Amino acid sequence: MSTTASDPLAALGSLPGVPDAVDSVRKAVDRVYSHRVMRRRSNEVTAEAALRGSRGSAALAGADWNLEEVRRRTDFSGEDEARTVGAALRLTAEAGQLLSVWRQSPLRVLARLHLVAAGGATPDDAVGRPRLAGEAVDEPLIEAPLPSAGEVAGRLEGLSRLIIAGGSAPALITAAVVHGELLALRPFGSHNGLVARTAERIVLIGSGLDPKSICPAEVGHAEQGRAAYVAALEGYTAGTPEGMAAWITHCGRSIELGVRESTAVCEALQRGAA
């Protein structure tokens with residue numbers, strides 16, 4: 001990510017297609033928040049969105065389980081896919097607890113997210129810290145060139161400064177950049193995709209766009225498919241205006257699909273079917 005603007009995230013808002021995406025996301029989120037079910041049963045919608053978002057994030061990490069299996073399962077130890085689903089569920093549960101820390105120290109939050117995701121499955125000295133020179137990264141579904149450990153450290157620090165400084169960028173843009181940057185960097189030895197999507201969720205909640213966490217972008221990322229996800233990420237890593245716009249609009253569409261999912265949940269609750 002590079003730009004010469006004094007408010008670099010806000011500057012991305014002028015890219016072709018991005019203003020429309022920002023407006024479309026805001027309208028979609030406003031519609032689901034105005035649903036009559038949200039006045040009485042918002043906690044149920046939040047819980048269901050968390051479950052469905054976790055399932056979507058795990059699917060993009062290679063564990064594409066159906067929703068009922070995720071709902072039914074209680075033991076997420078054992079095989080790799082079960083551990084991936086368990087990590088996604090733990091991260092979603094953790095996201096809402098880290099909002100105040102995120103605004104002050106994003107790097108501490110990222111370290112915590114990696115610790116939660118690893119859940120003891122990664123050697124202790126590699127958990128919760130950016131990878132060192134020569135250390136391998138286990139992230140088979142993301143095939144973009146891997147930045148060096150030195151580049152990772154510098155770009156993480158830059159991302160942290162942007163988040164702490166705040167700015168006027170819409171939540172969609174900030175969330176998309178945080179997500180894209182973490183996927184591009186893969187700062188940890190494992191679970192980078194899960195951590196990146198959780199960080200996106202934290203931004204959407206903390207920005208006030210989705211304070212009740214009922215718009216699971218992870219659902220939309222999974223619904224659009226891994227191929228589209230990887231193609232959009234390639235646009236981000238290319239750093240061109242067109243590529244950045246494509247990634248931001250892809251993330252916007254993912255939020256809208258998450259809204260559609262939660263709207264269906266609201267309708268089911270209203271009918272007494274959920």
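The figures that follow rest on heavy atoms only: side chains count, while hydrogens, waters and symmetry mates do not. Treat the numbers as computed from the prediction; the structure is a model and nothing was measured.
- Using modelled atom types, no side-chain atom of Arg36 and backbone atom of Ser34 make a donor-acceptor pair closer than 3.5 Å.
- Under the 30°/60° scheme for interplanar angles, the aromatic rings of Trp247 and His179 are found to stand perpendicular.
- Within 6.0 Å of CZ in Arg108 there are 12 or fewer heavy atoms belonging to other residues, nucleotides or ligands.
- Listed for the Arg112 side chain is no donor-acceptor partner under 3.5 Å among the backbone atoms of Glu94.
- Looking at heavy atoms from C-beta onward, Val137 lies in side-chain contact with Arg131 at the 4.5 angstrom threshold.
- Formation of a donor-acceptor pair under 3.5 Å by the Asn192 side chain with backbone atoms of Phe188 is found in this model.
- Residues Leu257 and Val259 are members of separate hydrophobic clusters, defined by side-chain heavy-atom contacts under 4.5 angstrom among Ile, Leu, Val, Met, Phe, Trp and Tyr.
- With contacts defined as side-chain heavy-atom distances shorter than 4.5 Å, the pair Leu162/Pro8 qualifies.
- At a threshold of 4.5 Å between side-chain heavy atoms, the hydrophobic network of Ile, Leu, Val, Met, Phe, Trp and Tyr places Val101 and Ile163 in one connected group.
- For the pair Arg226 and Glu143, the salt-bridge criterion is met [side-chain N within less than 4.0 Å of a carboxylate O].
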Next on the checklist: Does Val195 form a side chain to side chain contact (heavy atoms under 4.5 Å, CB included) with Val116? I'd like the steps, not just the answer.
Outcome noted: CA-CA 9 Å; Val195 168; Val116 169; over 6 Å; no
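- The closest side-chain heavy-atom distance from Asn66 to Val70 is not below 4.5 Å.
- Counting only distance, with no hydrogens or angles, the side chain of Ser14 and the backbone of Ala11 share a donor-acceptor pair below 3.5 Å.
- Judged purely by atom type and a 3.5 angstrom limit, Arg41 uses its side chain to pair as donor or acceptor with the backbone of Leu269.
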Item to check | Stepwise salt bridge (charged side-chain N to carboxylate O under 4.0 Å, His left out) test for Glu151 and Arg155 | outcome: CA-CA 6 Å; Glu151 183 179 353; Arg155 286 172 63 176; 2.7 Å; yes
Checklist entry - Between Leu141 and Tyr229, does a side chain to side chain contact (heavy atoms under 4.5 Å, CB included) hold up when you go through it step by step? => result CA-CA 10 Å; Leu141 300 183; Tyr229 188 65; over 6 Å; no
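- Residues Ala87 and His191 approach most closely at CB-CD2, 4.3 Å, considering heavy atoms.
- Side-chain atoms of Ser57 do not come within 3.5 Å of backbone N or O of Gly53 as any donor-acceptor pair.
- Looking at heavy atoms from C-beta onward, Glu256 lies in side-chain contact with Val25 at the 4.5 angstrom threshold.
- Checking side-chain atoms of Ser213 against main-chain N and O of Ile205 turns up no donor-acceptor pair under 3.5 Å.
- Closest non-hydrogen pair, Asp7 versus Gly167, comes out as OD2-CA, 3.8 Å.
- Partners of Arg71 under the salt bridge (Lys or Arg N to Asp or Glu O under 4.0 Å) rule, at least two apart in sequence or in another chain, are Glu48, Glu68.
- Looking at Arg201, Arg52, Arg55 one by one, the single match for salt bridge (Lys or Arg N to Asp or Glu O under 4.0 Å) with Glu218 turns out to be Arg201.
- Within the 3.5 Å criterion, the main-chain N or O of Lys212 finds a donor-acceptor partner in the side chain of Thr46.
- Between the side chain of Glu135 and the backbone N or O of Leu132, at least one donor-acceptor pair lies under 3.5 Å.
- Salt-bridge check for Arg197 with Glu200: failed, with every basic side-chain N at 4.0 Å or more from each acidic carboxylate O.
- Under the 4.5 Å side-chain contact rule for hydrophobic residues, Val219 and Trp65 do not share a cluster.
- Between Glu267 and Arg260, none of the side-chain N atoms (NZ, or NE/NH1/NH2) sits under 4.0 Å from a carboxylate O, so this pair counts as no salt bridge.
- Contact check for Tyr33 versus Val45: no side-chain heavy atoms found under the 4.5 Å cut-off.
- Leu183 and Leu156 end up in the same hydrophobic cluster when Ile, Leu, Val, Met, Phe, Trp and Tyr side chains are linked at under 4.5 Å.
- Criterion: ILVMFWY side-chain heavy atoms under 4.5 Å apart, direct or through other members. Under it, Ile255 and Val203 are part of a common hydrophobic cluster.
- For the pair Leu12/Val18, no side-chain contact is recorded, criterion being any heavy-atom separation below 4.5 Å from C-beta on.
- With no hydrogens or angles considered, a side-chain donor-acceptor pair links Thr92 and Ser54 at under 3.5 Å.
- Using a cut-off of 4.0 Å between Lys/Arg side-chain N and Asp/Glu carboxylate O, Lys27 and Asp30 are scored as not salt-bridged.
- Of the possible polar contacts, none joining the Ser262 side chain to the Val265 backbone as a donor-acceptor pair under 3.5 Å is found.
- Leu98 is listed as a side-chain neighbour of Leu113, based on a closest heavy-atom distance under 4.5 Å.
- Annotation for Ala176 and Cys251: closest pair CB-SG, 3.8 Å, computed over non-hydrogen atoms.
- The two residues Ala10 and Ala169 make their nearest non-hydrogen contact at N-CB, 3.6 Å.
- With 3.5 Å as the limit, one finds a donor-acceptor pair spanning the side chains of His114 and Ser190.
- Under the rule for a salt bridge (Lys or Arg N to Asp or Glu O under 4.0 Å), Arg90 has no partner lying at least two apart in sequence or in another chain.
- In this structure, the side chains of Val32 and Cys215 come closer than 4.5 Å at one or more pairs of heavy atoms.
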